[in-house]
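Notes follow the structure.
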Amino acid sequence: MDVEGAIQELCAATGATVEVARNLLEACQGDPERAAQLYFAEATGEAEVRPPDAVKVDVLYADQPRTDVPRDAVDAFRGFKDDSRELAKLFAPPEAMLFRGGLDKAKEKACEQGRWLLVNVQSSTEFASHRLNRDLWTDELVQSTVMASFVFWQTYHNADEGAKACHFYKLEHLPVIMVIDPVTGQKLVQWTGYVSPEKLMENLLPFLDRGPLDGGPPPVSLKRTRSNETPATKKPDHVQLGLSSDDAELAAAIAASLEASETAQETIGEGPSAVPEAADDAHEERESTELQDLLQAVRELQPEPDAGNPQSCRVAVRLPGGGRIQRRFLRDQRVRLLHVYCMQELEEARRGRAFQLSPSMPGSSPLQDMEATIAQSGVADSILNMKWTD
């Protein structure tokens, strides 16, 4: 990265002026992250010793005050002059997601709800901690998954509860995210430093299958399991462009899969009987109409909505073999498009193997209404499980 690019990145991340950013980069040999950490350290008063502030508790979060927030975390942006409030809001903790109370109480709550405990220990002087608040915990898919499947507890290393957690779990480098078994208190998996939404979601997937009270060994979430149903890595250009011949081939495969799925769910009736010619014609006409609908659904997938579109949402699909695919959809698009998307990505599904999609929460029913919108089905910004039905 060139010097001007590093200056612009540092200004965008910290709100510093160009002159200040340039001086910080010179002091840190051009390293933007070290420069940002130095800027935050100066903002919190660590760069120069000054008398301690008088203790004053006057900041309330939601309905209850957070007693685990040290003074330097609350005032981390007090050196930012006129932009301090906006920057503090930009890097604010995810209050709506957090459990309020100590670590032991969080474990009790997780046991009570039959959920895993997700813990984030932060340091107000580490820029990676502020990035987690700004970029990870604000991600819609992360928020919906964590709030639906975990008890989430966040603290600072220099708060009383945070210091206890650092000592008990031997945390040396911050920030840290870890999943804890609330029954035994065992740390199951840990990530240090900044973690992207994609990486966190990938590693949390095994914990969505069952809770800590369901028995069996704890889930393993250290590496991504490669699926036997590998997504198509490279499609010909004409498939990507959605030309009619390949659209028709894909739609035919989808129709065969959906028909197989519907047949598997039907109740076995009486023995074979002759089908009247008129009924046969009606069946052919219905198949033709369905094929046209599927063709239209294939075309609706292109292009993928922009992340900045307020009507867009992200849907991830966990594959039968453990891999994952995801993309953005419009909230008013039909559930049928989710099936079409899986067909596009998995060759085995394109060949007609029947499957179903269901929300990742244990005990959830498969999605049945193909004409319902993604928003109506409640699967916007969520993870779905894909399972073969044969």
Side-chain angles (χ1 to χ4, degrees), residues 61-64 66 68-69 73 87-101 106 109-110 113-122 128-156 175-180 182 189-191 193-209 211 219 221 304-318 324-333 338 358-362 364 373-385:
Y61 295 84
D63 298 328
Q64 303 176 24
R66 284 188 63 184
D68 62 330
V69 182
L87 286 168
K89 186 184 300 183
L90 180 64
F91 293 97
E95 298 297 335
M97 302 168 57
L98 297 180
F99 173 82
R100 294 172 179 81
K109 190 66 174 180
Q113 296 183 350
R115 299 182 178 189
W116 302 105
L117 178 59
L118 185 66
V119 171
N120 176 207
V121 181
Q122 298 205 338
S129 292
H130 300 290
R131 284 191 67 196
L132 289 176
N133 287 342
R134 183 190 66 182
D135 301 330
L136 176 65
W137 303 128
T138 58
D139 183 87
E140 294 177 346
L141 185 56
V142 171
Q143 285 186 345
S144 62
T145 301
V146 171
M147 294 178 72
S149 305
F150 296 85
V151 170
F152 181 38
W153 185 70
Q154 185 187 71
T155 187
Y156 292 87
V176 163
I177 300 174
M178 52 187 175
V179 177
I180 293 176
V189 64
Q190 171 184 317
W191 305 273
Y194 176 72
V195 181
S196 69
E198 292 75 17
K199 179 180 177 181
L200 183 67
M201 291 305 306
E202 183 177 316
N203 284 278
L204 290 183
L205 283 175
F207 294 95
L208 304 182
D209 290 337
S221 178
E304 182 175 356
D306 294 331
N309 188 333
Q311 294 302 316
S312 71
C313 63
R314 189 166 53 177
V315 178
V317 179
R318 188 181 185 191
R324 180 169 63 93
I325 56 177
Q326 69 176 28
R327 64 158 280 167
R328 288 190 173 275
F329 296 86
L330 295 176
R331 295 176 184 273
D332 59 0
Q333 287 182 315
L338 301 176
S358 59
S360 59
M361 292 294 293
S364 298
T373 67
I374 292 175
Q376 290 171 343
S377 299
V379 297
D381 294 315
S382 69
I383 299 177
L384 302 178
N385 285 331

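Distance CD/Q122 to CD/Q154: 4.0 Å, rounded to 0.5 Å. Taken to the nearest 0.5 Å, the CD atom of Q143 stands 9.0 Å off from the CG atom of D381. The CG atom of L98 sits 10.5 Å away from atom CH2 of W153, with the distance rounded to the nearest 0.5 Å. Rounding to the nearest 0.5 angstrom, the gap separating the CG atom in N309 from the CD atom in E304 is 11.0 Å. Interatomic distance, OG of S129 versus CZ of R134, reported as 12.5 Å (0.5 Å rounding). Here F99 contributes atom CZ and Q113 contributes atom CD; the two are 9.0 Å apart, rounded to the nearest 0.5 Å.
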query = Which is it for R318 and D209 under the side chain to side chain contact (heavy atoms under 4.5 Å, CB included) test, yes or no, and what are the steps along the way?
reply = CA-CA 11 Å; R318 188 181 185 191; D209 290 337; 2.5 Å; yes
inquiry  = F150 vs L208, test: side chain to side chain contact (heavy atoms under 4.5 Å, CB included). Steps then yes/no.
reply    = CA-CA 9 Å; F150 296 85; L208 304 182; 3.9 Å; yes
message = Show, in sequence, the C-alpha distance, side-chain angles and deciding distance for E198 and R314, and conclude whether the salt bridge (charged side-chain N to carboxylate O under 4.0 Å, His left out) test is met.
response = CA-CA 11 Å; E198 292 75 17; R314 189 166 53 177; 3.5 Å; yes
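At distances below 3.5 Å, not a single donor-acceptor pair connects side-chain atoms of Q190 with backbone N or O atoms of M178. Judged by distance alone, with hydrogens and angles left aside, the side-chain atoms of D139 form a donor-acceptor pair with the main-chain N or O of L141 at under 3.5 Å. Looking only at distances, no side-chain donor or acceptor of S364 sits under 3.5 Å from a matching main-chain atom of S360. Checked by atom type and distance alone, the side chain of N385 never pairs as donor or acceptor with a backbone atom of V317 at under 3.5 Å.
Taking the side chain as every heavy atom from C-beta outward, V179 and L204 approach each other to under 4.5 Å. A heavy-atom distance below 4.5 Å is not found between the side chains of L118 and M97. Counting heavy atoms from C-beta on, the side chains of K109 and R115 never come closer than 4.5 Å. The closest side-chain heavy-atom distance from I177 to Y194 is not below 4.5 Å. Proximity of F207 to V189: side-chain heavy atoms (C-beta onward) are separated by under 4.5 Å at one or more points.
Closest non-hydrogen pair, N133 versus P94, comes out as OD1-CD, 3.6 Å. Of all non-hydrogen atoms in P182 and L117, the two that sit nearest each other are CD-N, 4.2 Å. Of all non-hydrogen atoms in R327 and P305, the two that sit nearest each other are NH2-CD, 3.4 Å. Taking both residues in full, the closest heavy atoms of T145 and M201 are given as OG1-CE, 3.2 Å, listed atom of the first, atom of the second, then distance. When all heavy atoms of A380 and C313 are compared, the closest pair comes out as CB-SG, 3.7 Å. Across every non-hydrogen atom of L132 and N120, the tightest pair is CD1-ND2, 3.8 Å.
Ring geometry, F152 versus W137: the interplanar angle falls from 30° to 60°, so the pair is classed tilted.
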